[in-house]
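One structure below.
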Amino acid sequence: MKNIVKALELNQRLNESLGLNQSPMLSSRQMNWNGILVEQCQSSSTSFEIEVPAVSDHWLNLHLGNPALLLQKRDDRLHESIRHNGNCFLVPAGQPSYWCRHSEGAICSPLHICLKPKLIEQAAEADEIDPQRFNLVTCFDRQDLQLHQIAMLLHAELQLGGIMGQLYIESLTQMLVIHLIRHYSTFTKTITSKNKSLTNLQLQQAIEYIHAHLDQDLSLEQIAQVINISPTYFASLFKRATGTSPHQYVIQQRVERAKLMLSKTDIAIADIALQVGFSSQSHLTQQFKRLTGITPKQVRNTIKI
């Protein structure tokens with residue numbers, strides 16, 4: 001166990017192996033995203049040979065940039081591939097890996113995503129799957145459009161500094177985890193929880209908590225704790241009960257509260273945005289227009305007329 005490194009040390013090890021001393025271009029380290037670390041680093045264009053010790057988290061790497069030849073060694077066999085933009089590899093937790101590039105190639109900026117194993121376990125248990133009966137499997141250089149889309153949404157949120165909040169990141173993380181279980185594991189059955197549902201009381205308690213804390217950076221864990229179930233389990237059952245995800249429900253309720261405040265008060269739009277839980281006036285405007293077709297300013301101007 002002493003040879004297993006933590007996700008926070010992974011990029012440092014890679015940079016040292018490549019002779020680089022730079023910090024990540026982008027990182028979620030200071031954003032406290034629950035169970036997931038997302039970082040983007042610029043790789044060297046020179047040849048390299050790296051042995052990466054087993055990592056404590058599941059390590060997903062998405063290639064962003066020009067094509068590059070890469071070699072991976074596992075099970076005493078060498079696997080060679082030309083990585084294209086969007087191609088990914090997955091190294092499950094606890095597995096060491098070996099990487100090699102013999103010739104110089106184009107500089108790229110790969111996206112590293114590290115997931116805590118507990119996220120996989122929680123998703124499995126939420127659907128009554130024994131997490132001990134399946135494992136994630138190593139994948140080298142696969143083109144996966146759905147995984148790429150989820151990763152790019154995480155990348156966009158990373159670039160924006162986490163503007164959408166914890167609930168949004170947790171929703172994306174859940175999508176990613178379920179996708180990995182379905183397509184990158186030894187599990188073969190369809191993930192489903194058809195026989196489970198929230199009671200009316202549980203749903204009411206969750207909704208009341210959301211409304212009481214609408215101005216805060218809500219998380220799945222906080223809401224799920226109110227009714228004493230796992231975050232992943234709650235997200236699935238909440239969507240079944242309401243027809244929408246917890247994140248989208250929260251956005252809808254924030255827009256509705258903003259609409260009421262715009263019509264009933266003279267509070268500045270920027271202040272309304274903060275009071276209903278949006279990170280800024282522009283964030284409010286973006287979501288308000290998406291759901292209503294008009295901007296908060298247009299609502300306020302119509303009332304004055």
Side-chain angles (χ1 to χ4, degrees), residues 7 33-38 55-64 72 74-75 79 81 83-95 97 110-157 167-198 219-221 224 229-248:
W33 291 353
N34 294 328
I36 184 171
L37 171 70
V38 183
V55 183
S56 60
D57 299 335
H58 303 302
W59 174 29
L60 181 67
N61 174 288
L62 194 76
H63 181 79
L64 300 179
Q72 182 202 28
R74 68 176 186 274
D75 302 324
H79 303 263
S81 179
R83 304 198 72 199
H84 294 278
N85 190 61
N87 283 20
C88 68
F89 69 67
L90 173 69
V91 179
Q95 294 188 16
S97 55
L111 189 69
H112 299 283
I113 301 175
C114 293
L115 292 165
K116 295 291 183 186
K118 70 175 183 180
L119 296 179
I120 303 292
E121 296 168 6
Q122 288 173 350
E125 290 170 353
D127 288 283
E128 299 182 338
I129 304 166
D130 184 354
Q132 303 300 318
R133 299 188 65 179
F134 77 94
N135 297 296
L136 292 188
V137 296
T138 300
C139 165
F140 178 54
D141 214 39
R142 180 185 296 183
Q143 186 69 249
D144 184 332
L145 181 59
Q146 186 175 352
L147 187 148
H148 180 259
Q149 290 173 336
I150 298 170
M152 286 298 92
L153 290 173
L154 287 166
H155 182 241
E157 188 65 4
L167 202 54
Y168 178 67
I169 290 301
E170 289 173 346
S171 298
L172 291 179
T173 302
Q174 184 189 16
M175 289 171 58
L176 177 60
V177 166
I178 292 174
H179 185 78
L180 292 178
I181 294 175
R182 285 176 173 167
H183 302 285
Y184 295 82
S185 79
T186 55
F187 184 73
T188 56
K189 296 180 181 179
T190 302
I191 297 177
T192 171
S193 316
K194 290 183 179 178
N195 297 325
K196 300 294 182 179
S197 61
L198 293 176
S219 72
L220 282 177
E221 186 173 2
I229 63 176
S230 76
T232 304
Y233 199 17
F234 167 75
S236 175
L237 299 186
F238 185 89
K239 186 170 184 179
R240 181 171 304 143
T242 64
T244 188
S245 68
H247 170 250
Q248 287 301 323

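All heavy atoms count here, side chains included; hydrogens, waters and symmetry mates do not. Quick note: residue numbers are just sequence positions, from 1.
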So do the side chains of [X] and [Y] get within less than 4.5 Å of each other, counting heavy atoms only?
X    : Y    : value
I113 : L37  : no
N61  : V91  : no
L220 : L167 : yes
I229 : L198 : yes
L64  : P110 : no
L111 : L154 : no
Q72  : T138 : yes
N135 : P92  : no

- Given Q149, H183, H179, the one that forms side-chain hydrogen bond (donor to acceptor under 3.5 Å, both in side chains) with D144: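 Of all the options given, the one that passes is H179.
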How long is the gap from [atom1] on [X] to [atom2] on [Y], to the nearest 0.5 Å?
X    : Y    : atom1 : atom2 : value
L62  : R83  : CG    : CZ    : 7.5 Å
W33  : C114 : CH2   : SG    : 13.0 Å
L136 : I120 : CG    : CD1   : 4.5 Å
I36  : K116 : CD1   : NZ    : 11.5 Å
T232 : E170 : OG1   : CD    : 9.0 Å
H148 : L153 : NE2   : CG    : 10.0 Å

Would you name the heavy atoms of [X] and [Y] that are closest together and state the gap between them?
X    : Y    : answer
P246 : F234 : CG-CE2, 3.9 Å
C88  : C139 : O-SG, 4.4 Å
S219 : N34  : CB-ND2, 4.3 Å

- Query: Residues two or more places apart in sequence or in another chain: which of them pass side chain to side chain donor-acceptor pair (under 3.5 Å) with T244?
  - Reply: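 Per chain and number, T244 pairs via side chain to side chain donor-acceptor pair (under 3.5 Å) with no residue.
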- Task: Could you check L115, I181, L119 and say which one makes a side chain to side chain contact (heavy atoms under 4.5 Å, CB included) with L176?
- Result: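 When side chain to side chain contact (heavy atoms under 4.5 Å, CB included) is applied between L176 and each of L115, I181, L119, only L115 qualifies.
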- Query: Got a donor-acceptor contact below 3.5 angstrom from the H58 side chain to the A93 backbone?
  - Reply: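 Yes; at least one donor-acceptor contact below 3.5 Å.
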- Verdict with supporting geometry, L147 and L180, side-chain contact (heavy atoms from CB on, under 4.5 Å): CA-CA 8 Å; L147 187 148; L180 292 178; 4.0 Å; yes
- Query: Can S81 and F89 be said to form a side-chain contact (heavy atoms from CB on, under 4.5 Å), step by step?
  - Reply: CA-CA 11 Å; S81 179; F89 69 67; over 6 Å; no
